[in-house]
Amino acid sequence: MVITLLVYLLVAFLLLIFLIIFSVYTISLIYSSIKGSPYVATRKKRIEEILKEANLKRGRFFVELGSGDGRIVRTAVRKYNVHGVGIDINPLLVLWSKILGNKNIDFRVENIFDTDLRQADYLYLFLMPKLISELKKKMEKELKPGSLVISHGFPVIGWENKLTKKLEVSPFPTYFYKLK
(Lines give C-alpha, C1' and ligand atoms only; values in the text may rest on other atoms or scores of the structure.)
Protein backbone atom coordinates (compact mmCIF):
# COMPACT_ATOMS: atom_id res chain seq x y z
CA MET A 1 0.00 0.00 0.00
CA VAL A 2 2.77 2.45 0.92
CA ILE A 3 4.75 1.57 -2.22
CA THR A 4 1.67 2.11 -4.39
CA LEU A 5 1.12 5.52 -2.79
CA LEU A 6 4.77 6.45 -3.34
CA VAL A 7 4.53 5.41 -7.00
CA TYR A 8 1.40 7.53 -7.46
CA LEU A 9 3.08 10.51 -5.78
CA LEU A 10 6.18 10.09 -7.96
CA VAL A 11 4.08 9.90 -11.12
CA ALA A 12 2.08 12.97 -10.02
CA PHE A 13 5.31 14.85 -9.26
CA LEU A 14 6.82 13.96 -12.65
CA LEU A 15 3.60 14.98 -14.39
CA LEU A 16 3.66 18.30 -12.56
CA ILE A 17 7.28 18.90 -13.58
CA PHE A 18 6.41 18.05 -17.19
CA LEU A 19 3.44 20.46 -17.16
CA ILE A 20 5.57 23.25 -15.71
CA ILE A 21 8.30 22.76 -18.32
CA PHE A 22 5.74 22.51 -21.12
CA SER A 23 4.00 25.70 -19.90
CA VAL A 24 7.26 27.65 -19.70
CA TYR A 25 8.22 26.47 -23.20
CA THR A 26 4.80 27.41 -24.61
CA ILE A 27 4.94 30.84 -22.98
CA SER A 28 8.42 31.40 -24.43
CA LEU A 29 7.13 30.58 -27.94
CA ILE A 30 4.21 32.97 -27.50
CA TYR A 31 6.70 35.62 -26.32
CA SER A 32 8.78 35.14 -29.49
CA SER A 33 5.68 35.52 -31.64
CA ILE A 34 4.60 38.70 -29.86
CA LYS A 35 8.10 40.20 -30.21
CA GLY A 36 8.10 39.74 -33.97
CA SER A 37 8.33 36.25 -35.40
CA PRO A 38 7.23 32.81 -34.28
CA TYR A 39 9.70 29.96 -34.04
CA VAL A 40 9.36 27.80 -37.16
CA ALA A 41 11.98 25.10 -37.67
CA THR A 42 13.47 24.60 -41.14
CA ARG A 43 14.11 21.05 -42.33
CA LYS A 44 17.71 19.84 -42.65
CA LYS A 45 17.48 19.18 -46.40
CA ARG A 46 16.18 22.71 -47.01
CA ILE A 47 18.92 24.24 -44.85
CA GLU A 48 21.59 22.46 -46.86
CA GLU A 49 20.05 23.64 -50.17
CA ILE A 50 19.95 27.25 -48.98
CA LEU A 51 23.51 27.27 -47.63
CA LYS A 52 24.86 25.58 -50.78
CA GLU A 53 23.27 28.32 -52.90
CA ALA A 54 24.79 30.97 -50.62
CA ASN A 55 28.29 29.79 -51.58
CA LEU A 56 29.71 30.42 -48.10
CA LYS A 57 33.45 30.99 -47.83
CA ARG A 58 35.61 29.59 -45.03
CA GLY A 59 36.51 32.03 -42.26
CA ARG A 60 33.79 34.56 -43.08
CA PHE A 61 31.22 35.82 -40.58
CA PHE A 62 27.67 34.36 -40.62
CA VAL A 63 24.91 35.99 -38.55
CA GLU A 64 21.46 34.53 -38.10
CA LEU A 65 18.79 36.89 -36.76
CA GLY A 66 15.94 35.05 -35.10
CA SER A 67 18.07 31.93 -34.81
CA GLY A 68 15.56 29.82 -32.88
CA ASP A 69 17.29 26.55 -32.01
CA GLY A 70 20.36 27.54 -34.05
CA ARG A 71 20.12 24.84 -36.70
CA ILE A 72 20.95 27.20 -39.61
CA VAL A 73 24.04 28.78 -38.07
CA ARG A 74 25.19 25.40 -36.68
CA THR A 75 25.01 23.86 -40.15
CA ALA A 76 26.83 26.84 -41.70
CA VAL A 77 29.65 26.61 -39.15
CA ARG A 78 29.95 22.83 -39.37
CA LYS A 79 29.83 22.47 -43.17
CA TYR A 80 31.47 25.70 -44.34
CA ASN A 81 33.83 26.63 -41.49
CA VAL A 82 32.42 30.13 -41.07
CA HIS A 83 32.32 31.99 -37.76
CA GLY A 84 28.75 32.08 -36.49
CA VAL A 85 26.50 34.21 -34.36
CA GLY A 86 22.90 33.31 -33.54
CA ILE A 87 20.60 36.00 -32.16
CA ASP A 88 17.18 35.32 -30.68
CA ILE A 89 14.89 37.08 -28.22
CA ASN A 90 13.77 33.78 -26.66
CA PRO A 91 16.08 32.76 -23.78
CA LEU A 92 14.93 29.12 -23.80
CA LEU A 93 15.72 28.72 -27.50
CA VAL A 94 19.12 30.37 -26.99
CA LEU A 95 19.85 28.05 -24.07
CA TRP A 96 18.90 25.05 -26.23
CA SER A 97 21.09 26.43 -29.06
CA LYS A 98 24.05 26.67 -26.69
CA ILE A 99 23.52 23.08 -25.56
CA LEU A 100 23.45 21.90 -29.20
CA GLY A 101 26.04 24.41 -30.53
CA ASN A 102 29.80 24.41 -30.75
CA LYS A 103 32.69 26.66 -29.72
CA ASN A 104 32.68 28.65 -32.99
CA ILE A 105 29.15 29.95 -32.46
CA ASP A 106 28.14 32.79 -30.18
CA PHE A 107 24.46 32.44 -29.28
CA ARG A 108 22.95 35.52 -27.65
CA VAL A 109 19.62 36.59 -26.21
CA GLU A 110 19.31 39.96 -27.87
CA ASN A 111 16.87 42.22 -29.65
CA ILE A 112 17.80 42.07 -33.35
CA PHE A 113 17.62 45.87 -33.54
CA ASP A 114 20.47 46.03 -30.99
CA THR A 115 22.68 43.57 -32.87
CA ASP A 116 25.77 45.00 -34.55
CA LEU A 117 25.75 43.82 -38.18
CA ARG A 118 28.97 45.53 -39.33
CA GLN A 119 31.06 42.34 -39.29
CA ALA A 120 28.51 40.16 -41.09
CA ASP A 121 29.50 38.76 -44.47
CA TYR A 122 26.32 36.67 -44.51
CA LEU A 123 23.06 37.56 -42.82
CA TYR A 124 20.29 34.97 -42.59
CA LEU A 125 16.69 35.93 -41.78
CA PHE A 126 13.51 33.94 -41.38
CA LEU A 127 11.35 36.74 -40.07
CA MET A 128 7.88 38.11 -40.69
CA PRO A 129 7.52 40.73 -43.48
CA LYS A 130 6.76 43.61 -41.09
CA LEU A 131 9.90 42.87 -39.07
CA ILE A 132 12.02 42.61 -42.23
CA SER A 133 10.67 45.98 -43.37
CA GLU A 134 11.55 47.56 -40.01
CA LEU A 135 15.02 45.99 -40.17
CA LYS A 136 15.79 47.15 -43.73
CA LYS A 137 17.25 50.57 -42.80
CA LYS A 138 19.49 48.99 -40.17
CA MET A 139 20.79 46.45 -42.70
CA GLU A 140 21.43 49.18 -45.29
CA LYS A 141 23.28 51.29 -42.73
CA GLU A 142 25.39 48.59 -41.06
CA LEU A 143 26.08 45.84 -43.58
CA LYS A 144 29.25 46.28 -45.60
CA PRO A 145 29.28 46.25 -49.41
CA GLY A 146 29.36 42.68 -50.72
CA SER A 147 27.41 41.26 -47.79
CA LEU A 148 24.89 38.58 -48.70
CA VAL A 149 21.44 38.75 -47.10
CA ILE A 150 19.51 35.49 -47.22
CA SER A 151 15.84 36.03 -46.49
CA HIS A 152 13.97 32.77 -46.13
CA GLY A 153 10.22 32.96 -46.52
CA PHE A 154 9.69 36.59 -47.41
CA PRO A 155 11.34 39.16 -49.69
CA VAL A 156 12.92 42.42 -48.62
CA ILE A 157 10.53 44.90 -50.24
CA GLY A 158 12.45 47.61 -52.11
CA TRP A 159 15.54 45.48 -52.67
CA GLU A 160 14.50 44.09 -56.04
CA ASN A 161 17.68 45.59 -57.59
CA LYS A 162 19.83 43.72 -55.03
CA LEU A 163 18.20 40.32 -55.64
CA THR A 164 20.73 37.89 -57.13
CA LYS A 165 18.67 34.69 -56.98
CA LYS A 166 15.49 33.19 -55.63
CA LEU A 167 14.93 29.57 -54.67
CA GLU A 168 11.26 28.91 -55.39
CA VAL A 169 10.36 26.14 -52.97
CA SER A 170 6.98 25.71 -51.30
CA PRO A 171 5.86 26.82 -48.78
CA PHE A 172 8.71 29.30 -48.32
CA PRO A 173 10.93 30.65 -51.12
CA THR A 174 14.39 31.95 -50.28
CA TYR A 175 15.74 35.28 -51.52
CA PHE A 176 19.45 36.13 -51.89
CA TYR A 177 20.45 39.81 -51.89
CA LYS A 178 23.93 41.22 -52.52
CA LEU A 179 24.58 44.63 -51.00
CA LYS A 180 26.51 47.14 -53.06
Side-chain angles (χ1 to χ4, degrees), residues 9-128 131-132 135 138-139 142-143 147-154 167 169 171-172 174:
L9 287 174
L10 178 62
V11 168
F13 177 73
L14 292 174
L15 182 59
L16 179 63
I17 295 296
F18 171 78
L19 290 173
I20 290 170
I21 291 170
F22 183 76
S23 297
V24 169
Y25 178 70
T26 301
I27 290 167
S28 77
L29 294 179
I30 292 168
Y31 176 70
S32 295
S33 295
I34 290 170
K35 290 303 257 180
S37 288
Y39 167 66
V40 178
T42 304
R43 283 184 263 127
K44 182 180 178 180
K45 180 181 177 194
R46 188 79 175 104
I47 292 168
E48 291 178 1
E49 291 169 355
I50 293 167
L51 295 177
K52 181 180 178 191
E53 287 296 321
N55 196 25
L56 304 180
K57 304 290 186 223
R58 176 186 191 97
R60 301 275 175 92
F61 207 73
F62 185 96
V63 177
E64 182 180 6
L65 298 181
S67 59
D69 65 5
R71 64 182 63 194
I72 309 292
V73 68
R74 279 197 326 268
T75 303
V77 168
R78 186 182 72 250
K79 287 193 84 169
Y80 297 95
N81 294 309
V82 295
H83 302 286
V85 174
I87 305 296
D88 205 288
I89 196 77
N90 185 325
L92 286 180
L93 289 173
V94 171
L95 175 62
W96 184 243
S97 299
K98 287 180 179 183
I99 290 168
L100 297 175
N102 71 39
K103 64 181 177 174
N104 294 325
I105 305 172
D106 179 22
F107 288 107
R108 299 192 299 241
V109 176
E110 191 171 277
N111 184 314
I112 61 175
F113 293 99
D114 297 332
T115 302
D116 184 353
L117 303 177
R118 291 176 293 173
Q119 289 186 338
D121 296 299
Y122 309 103
L123 180 65
Y124 182 90
L125 319 166
F126 188 8
L127 304 171
M128 298 303 289
L131 197 53
I132 294 171
L135 194 59
K138 178 180 179 57
M139 292 188 293
E142 293 183 19
L143 290 172
S147 295
L148 181 67
V149 175
I150 306 160
S151 182
H152 182 61
F154 305 100
L167 292 180
V169 178
F172 297 110
T174 305

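Note that these values count all heavy atoms, side chains included, but never hydrogens, waters or copies made by symmetry.
At least one donor-acceptor pair under 3.5 Å links the side chain of Tyr122 to the backbone N or O of Lys57. With Glu142 contributing its side chain and Leu117 its backbone, the two residues share a donor-acceptor pair below 3.5 Å. Side-chain atoms of Asp69 do not come within 3.5 Å of backbone N or O of Leu93 as any donor-acceptor pair. Using modelled atom types, one side-chain atom of Lys138 and one backbone atom of Thr115 make a donor-acceptor pair closer than 3.5 Å.
Residues Ala54 and Ile150 share a closest heavy-atom pair of CB-CD1, 3.7 Å. Across all non-hydrogen atoms, the minimal contact from Ile72 to Leu51 is O-CD1, 3.9 Å. Heavy atoms only, all atoms of each residue included: Gln119 and Phe61 are closest at O-CB, 3.3 Å. Minimum heavy-atom separation, Gly86 to Ser67: C-OG, 3.4 Å. When every heavy atom of Arg108 is checked against every heavy atom of Val94, the shortest pair comes out as O-CG2, 3.7 Å. Looking at every heavy atom in both residues, Ala120 comes nearest to Leu143 through CB-CD2, 3.8 Å.
How far CD of Glu64 is from CZ of Phe107: 7.5 Å, rounded to the nearest 0.5 Å. A distance of 9.5 Å separates OG1 in Thr174 from CD in Glu53, rounded to the nearest 0.5 Å. How far OG of Ser147 is from CZ of Arg60: 9.5 Å, rounded to the nearest 0.5 Å. Between the CG atom of Asp88 and the CD atom of Glu110 there is a distance of 11.0 Å, given to the nearest 0.5 Å. Rounding to the nearest 0.5 Å places NE2 of His83 at 12.0 Å from CD1 of Ile105. The structure places CZ of Arg78 at 11.5 Å from CZ of Arg71, a figure rounded to the nearest 0.5 Å.
Val169 places a side-chain heavy atom less than 4.5 Å from the side chain of Arg46. Side chains of Val85 and Val73 form no contact here, defined as non-hydrogen atoms less than 4.5 Å apart. With a 4.5 Å cut-off on side-chain heavy atoms, Asp121 and Leu148 do not count as touching. Ile132 places a side-chain heavy atom less than 4.5 Å from the side chain of Ser151. At a threshold of 4.5 Å between non-hydrogen side-chain atoms, the residues Met139 and Leu125 count as touching. Counting heavy atoms from C-beta outward, Phe172 and Thr42 have side chains that stay 4.5 Å or more apart. Lys79 places none of its side-chain heavy atoms less than 4.5 Å from the side chain of Lys52.
Residue Tyr124 is tested with Ile50, Val63, Ile47, Leu65 for a side chain to side chain contact (heavy atoms under 4.5 Å, CB included); the sole match is Ile50.
In summary, the aromatic rings of Phe62 and Tyr80 are positioned with their centroids too far apart to meet the 6.0 Å limit.
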Inset, instruction - Verify side chain to side chain contact (heavy atoms under 4.5 Å, CB included) between Leu131 and Phe113, making sure each step is shown before the conclusion. - result: CA-CA 10 Å; Leu131 197 53; Phe113 293 99; 3.6 Å; yes
